[in-house]
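The shown structure was predicted, so the numbers you read here are calculated from the model rather than taken from an experiment.
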Amino acid sequence: MLNLPSMPSVTFQLELDEPVMPLDRTTFGPGTCLEAFSEQSRTTFPHSKGRLSIILGPPEKFLKMPAEEILEHVIEDAKKLGLDLAPRIKAYRKVAWPFDFYLLSPGNEKLRPPQKTPIAGLTLAGDYTKQDFLASMEGAAVSGKIAADIVMHALNAA
């Protein structure tokens with residue numbers, strides 16, 4: 001498990017004076033730094049007048065970049081997608097994780113550990129473990145179910 005290489009992630013969150021998109025959904029921004037973005041003011045953050053969460057790419061480019069400089073890139077690239085963010089921005093924040101996901105490169109799949117370990121009482125769960133999905137919420141949920149089944153089987157056997 002400790003040999004599984006990781007990759008960074010950088011997200012950018014904007015508080016806006018109103019929603020910038022007609023629906024709360026995830027959208028992709030090909031050819032921009034907005035790899036995926038989602039209006040979230042009606043669902044996840046209903047207390048917010050407008051909330052846009054953005055996954056930036058490539059993350060290595062933005063990892064150490066100051067938030068103010070990232071904001072300039074986001075505003076410029078959002079215009080390419082038909083979104084005029086600048087006049088709506090009330091606040092913004094950068095969230096950077098240098099080691100967030102396992103690296104999805106050839107050969108790394110075999111390094112993902114199973115949920116069951118040789119250590120008594122230690123069961124693993126997470127999107128990085130061996131299951132049918134990649135580093136995703138679905139993978140984490142499936143892994144958690146597998147881990148729970150292992151724990152329940154051990155309890156029932158005791």
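For Asp17 and Lys90, the salt-bridge test fails: no basic side-chain N is under 4.0 Å from an acidic carboxylate O. Salt bridge absent: Glu39 and Arg25 never bring a charged side-chain N and a carboxylate O closer than 4.0 Å.
There is a path of hydrophobic side-chain contacts, each under 4.5 Å, that joins Phe133 to Ile146. Under the 4.5 Å side-chain contact rule for hydrophobic residues, Met137 and Trp97 do not share a cluster. Both Val74 and Met65 belong to a common hydrophobic cluster when Ile, Leu, Val, Met, Phe, Trp and Tyr are linked at side-chain heavy-atom distances under 4.5 angstrom. Linking ILVMFWY side-chain heavy atoms closer than 4.5 Å, directly or via other members, places Leu63 and Met7 in two distinct hydrophobic clusters.
Around the CD1 atom of Ile55, the shell of radius 6.0 Å holds no more than 12 heavy atoms that belong to other residues, nucleotides or ligands. In Lys130, the NZ atom is crowded: over 12 heavy atoms of neighbouring residues, nucleotides or ligands sit closer than 6.0 Å. Under a cut-off of 6.0 angstrom, the local environment of NZ in Lys79 is sparse, with at most 12 non-hydrogen atoms contributed by other residues, nucleotides or ligands.
To the nearest 0.5 Å, atoms CG (Leu85) and CD1 (Ile54) are separated by 6.5 Å.
Among Arg51, Arg88, Arg42, Lys49, the one residue that satisfies the salt bridge (Lys or Arg N to Asp or Glu O under 4.0 Å) test with Glu18 is Arg88.
Gln40 and Ser48 are not linked by any side-chain donor-acceptor pair at a separation below 3.5 angstrom, with hydrogens and angles left out of the test. Looking only at atom types and distance, the side chain of Asp77 has no donor-acceptor partner in the side chain of Thr32 under 3.5 Å away. A side-chain donor-acceptor contact under 3.5 Å links Gln115 and Thr129. Gln131 and Ser143 share no donor-acceptor pair across their side chains, judged by distance under 3.5 Å alone.
Side-chain atoms of Phe37 and Leu83, non-hydrogen and from C-beta on, do get closer than 4.5 Å to each other.
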